[in-house]
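I have placed the structure first, in the form of structure tokens, so that the comments after it can refer back to it.
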2 protein chains.
Amino acid sequence: MNFEEYIGQLQQSLQRGELTTFFCHCSIQYSGRAESYLDFGDRIIIIKQDGTVLIHQPEGGMPINYIKAPAKCEFELQREEEQELLFFQATSGNDQIQVHITEIYHYYAQRLIDGKKQDLSGKESEMSDMLREQPELISPDFKPLSREEHTKYGFIDVFGHLGDGTLAVIECKRYTAGLSAVSQLRRYVEKIKSAKGITKVTGILAAPAITANALEMLHNFQCSFKQVDPPKRHIRKKREQQKIQQFFS
Amino acid sequence: MNFEEYIGQLQQSLQRGELTTFFCHCSIQYSGRAESYLDFGDRIIIIKQDGTVLIHQPEGGMPINYIKAPAKCEFELQREEEQELLFFQATSGNDQIQVHITEIYHYYAQRLIDGKKQDLSGKESEMSDMLREQPELISPDFKPLSREEHTKYGFIDVFGHLGDGTLAVIECKRYTAGLSAVSQLRRYVEKIKSAKGITKVTGILAAPAITANALEMLHNFQCSFKQVDPPKRHIRKKREQQKIQQFFS
DNA sequence: TACTACATCTCGCAT
DNA sequence: ATGCGAGGTGTAGTA
């Protein structure tokens, strides 16, 4: 199939709303929020049904270039220095990629039917739910007050008071807490102090671990760290069978 | 091609180090840092040459599931409730996805040759470079200190002094600065104060814009905002041709 | 390795 | 639309 035929195919695929993919040899220019150039090499290009464009190199987890949906996709046959090439341009807002394709190795497009939503668990909100249900994980005298306090200064994960009446702001993190987590907590504590006009407010950072610098900073602010592991998730039993083929050991 | 033949093909593709893709109907379970389930639907699965696994739904910019390289990929023919299905499992560290495939619509694999690196500009570091070269963008009396000194104190973007001898810590952002940018700047200012034992230290947030809350917080800390646009990048002239085909208007 | 911050972050949620 | 924070964040740079 020559480039002219490919252009016809690609146009049809996009008009039909098909998920369109091709393996090709190309160079890529990007201009928009930043600018980039990628010299010629083999890549896979994916144009999704909503107009998302993804370009992947043969290695690495992230797309090397992308355009957010809905991208306007244009194709053009070009001749440069005695050589034909397929020019592909995708535009969305101020972002634009220009792809010069010298060879298409493979092309396939198909309308895919999905629409299912992923059910995901193990988020930070589940950890704050757990702390509200089991406040003793923070301290024996901790009593949670309400659900998330969603203010314009950000939302507070858990909010309650200690036995001596001190208000406690809890910020929880699923992973090792760093400096930014401490800064965030500090912001909330100060906000509560100034908004409610009270001084007996403390902050508690609840996380499975904390970095040394963050702990030092936390103590400087008269706040404390409470080691709390995120909610236990059901561990799916790994399949171990002899017949299974393995690669990438 | 039946599932048994597909398994043979897939194994060969992975052994050969080919970039392997297929369109299929499947459900996906994920277990690792979190847990997820996605009910049956049509998706595209990509196994990269380094063992990265990406699964994309027909819409949306992000993979709905993924496994980081190098994933161990296993295939198995299963029979459940009178129906054959292809079971695909990818494992990397504690992360695992299990895919139950009831139909493969299309399969293609090819070894791709690349290795080119992207040349990217428009990063925040270029903005701080600009401020070091054009300190008058901050203030007529701002004198930046050397880059050497700047790294000595950590992650401070630009560091210098004003005409009256006050030390100035500059934090720059390429986009609208929010609360976290102010918190970050505040941390740096306090670090310098305690490290140098001096009090005449101020913070300047340099960004194209700042949110109202962030500006209020900034002023509370005796710091200031300086409106600075990120470095001008060469704007690639948009191609405007009549013949170009358009979709996703 | 651990820690820190950027990212063409993306995404959802609430104002 | 904007603001804010989480993310299975990923990725690079540095100590």
Side-chain angles (χ1 to χ4, degrees), chain A residues 28-36 52-53 55 60-69 92-97 117-118 120-128 148-157 171-184 187-188 209-215 230 233, chain B residues 28 30-36 52 60-69 92-97 118 120-128 151-152 154-157 171-184 187-188 209-215 230 233:
Chain A
I28 309 160
Q29 288 168 307
Y30 159 72
S31 179
R33 283 172 290 185
E35 288 200 342
S36 72
T52 300
V53 177
I55 305 181
M62 305 282 291
I64 193 65
N65 284 107
Y66 60 91
I67 293 288
K68 282 193 279 198
S92 179
N94 287 325
D95 291 323
Q96 180 177 72
I97 51 177
K117 302 286 185 196
Q118 190 180 50
L120 179 69
S121 69
K123 292 177 294 187
E124 187 181 289
S125 61
E126 293 178 25
M127 186 167 170
S128 49
E148 288 159 358
E149 192 102 339
H150 212 137
T151 72
K152 64 173 181 172
Y153 296 98
F155 64 4
I156 291 165
D157 292 336
E171 172 64 30
C172 50
K173 294 290 171 198
R174 294 174 56 207
Y175 304 112
T176 303
L179 295 172
S180 64
V182 179
S183 288
Q184 196 182 340
R187 228 162 48 218
Y188 297 155
I210 187 169
T211 67
N213 287 341
L215 185 60
R233 287 171 277 105
Chain B
I28 310 160
Y30 158 73
S31 179
R33 283 176 290 186
E35 288 200 343
S36 71
T52 300
M62 304 282 291
I64 193 66
N65 284 106
Y66 60 91
I67 293 288
K68 283 192 279 199
S92 180
N94 286 325
D95 291 325
Q96 180 176 73
I97 51 177
Q118 189 181 51
L120 179 69
S121 70
K123 294 176 292 186
E124 189 180 287
S125 61
E126 295 176 26
M127 187 167 169
S128 50
T151 54
K152 223 166 55 174
F155 301 92
I156 293 168
D157 292 335
E171 172 62 30
C172 50
K173 292 291 169 198
R174 295 173 56 209
Y175 303 111
T176 303
L179 294 173
S180 63
V182 179
S183 289
Q184 198 182 338
R187 255 192 284 138
Y188 297 154
I210 187 168
T211 67
N213 287 339
L215 185 60
R233 288 171 274 105

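Note that the coordinates shown come from a computational prediction; the quantities given were computed from them, not determined experimentally. Numbers restart at 1 for each chain; the letters A, B, ... are given by sequence-line order, proteins then strands.
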Item to check | 5' priority, DNA chain C, between A/Thr176 and B/Gln118 [closest heavy atom] | outcome: A/Thr176
Could you write out each protein N or O paired with an N or O of nucleotides 5-7 of chain C at a distance under 3.5 Å?
unit_1, atom_1, unit_2, atom_2, d
C/dA5, OP1, B/Arg187, NH1, 3.1
C/dA5, OP1, B/Tyr188, OH, 2.8
C/dA5, OP2, B/Arg187, NH1, 3.1
C/dC6, OP1, B/Glu124, OE2, 3.2
C/dC6, OP1, B/Glu171, OE2, 3.2
C/dC6, OP1, B/Lys173, NZ, 2.8
C/dC6, OP1, B/Gln184, NE2, 3.3
C/dC6, OP2, B/Lys173, NZ, 3.3
C/dA7, OP1, B/Glu124, N, 2.9

Next on the checklist: How many whole angstroms separate atom CE of A/Met62 from atom P of D/dT11?
Outcome noted: 6 Å
Checklist entry - On a whole-Å scale, what distance lies between the P atoms belonging to D/dA6 and C/dC6? => result 16 Å
Next on the checklist: Run the side chain to side chain contact (heavy atoms under 4.5 Å, CB included) test against A/Lys117 and tell me which residues pass, sequence neighbours left out.
Outcome noted: none
Next on the checklist: Between B/Arg33 and D/dG7, is there a contact of a side-chain N or O with OP1 or OP2 at under 4.0 Å?
Outcome noted: no
Checklist entry - Under 4.0 Å between a Lys/Arg side-chain N and an Asp/Glu carboxylate O for B/Asp95 and B/Lys68? => result no
Item to check | C/dT8 OP1/OP2 closer than 4.0 Å to side-chain N/O of A/Ser36 | outcome: no
Item to check | Touch class at under 4.0 angstrom, heavy-atom based, for A/Ile210 against every strand present | outcome: nothing
Checklist outcome for this item: Sequence neighbours excluded, the answer for side chain to side chain donor-acceptor pair (under 3.5 Å) partners of A/Lys173 is A/Glu171, A/Gln184
Item to check | Phosphate OP1/OP2 of D/dC4: any B/Asn213 side-chain N/O under 4.0 Å | outcome: yes
Item to check | Between D/dG7 and D/dT11 - C1' atom distance, rounded Å | outcome: 14 Å
Checklist entry - How long is the line joining CD1 of B/Ile64 and P of C/dT10, in whole Å? => result 16 Å
Checklist entry - Can you check the B/Asp95 CG to D/dG10 C1' distance for me, whole Å? => result 13 Å
Next on the checklist: Rounded to whole Å, how long is the line connecting atom CD of A/Glu35 with atom P of C/dT8?
Outcome noted: 13 Å
Item to check | With B/Ser180 via side chain to side chain contact (heavy atoms under 4.5 Å, CB included) - residues at least two apart | outcome: A/Arg187
Item to check | Which residues share a salt bridge (charged side-chain N to carboxylate O under 4.0 Å, His left out) with B/Asp157, sequence neighbours left out | outcome: none
Checklist entry - Considering only the C1' atoms, how many Å lie between C/dA7 and D/dG5, rounded to the nearest integer? => result 15 Å
Item to check | Any donor-acceptor N or O pair under 3.5 Å, side chains A/Gln96, A/Ser31 | outcome: no
Checklist entry - Whole Å only: how far is the CD1 atom of B/Ile156 from the P atom of C/dT4? => result 14 Å
Checklist outcome for this item: Residues passing the side chain to side chain donor-acceptor pair (under 3.5 Å) test with A/Tyr66, sequence neighbours excluded, are none
Item to check | Protein-nucleotide distance (A/Lys68, atom NZ; C/dT8, atom C1'), rounded to Å | outcome: 8 Å
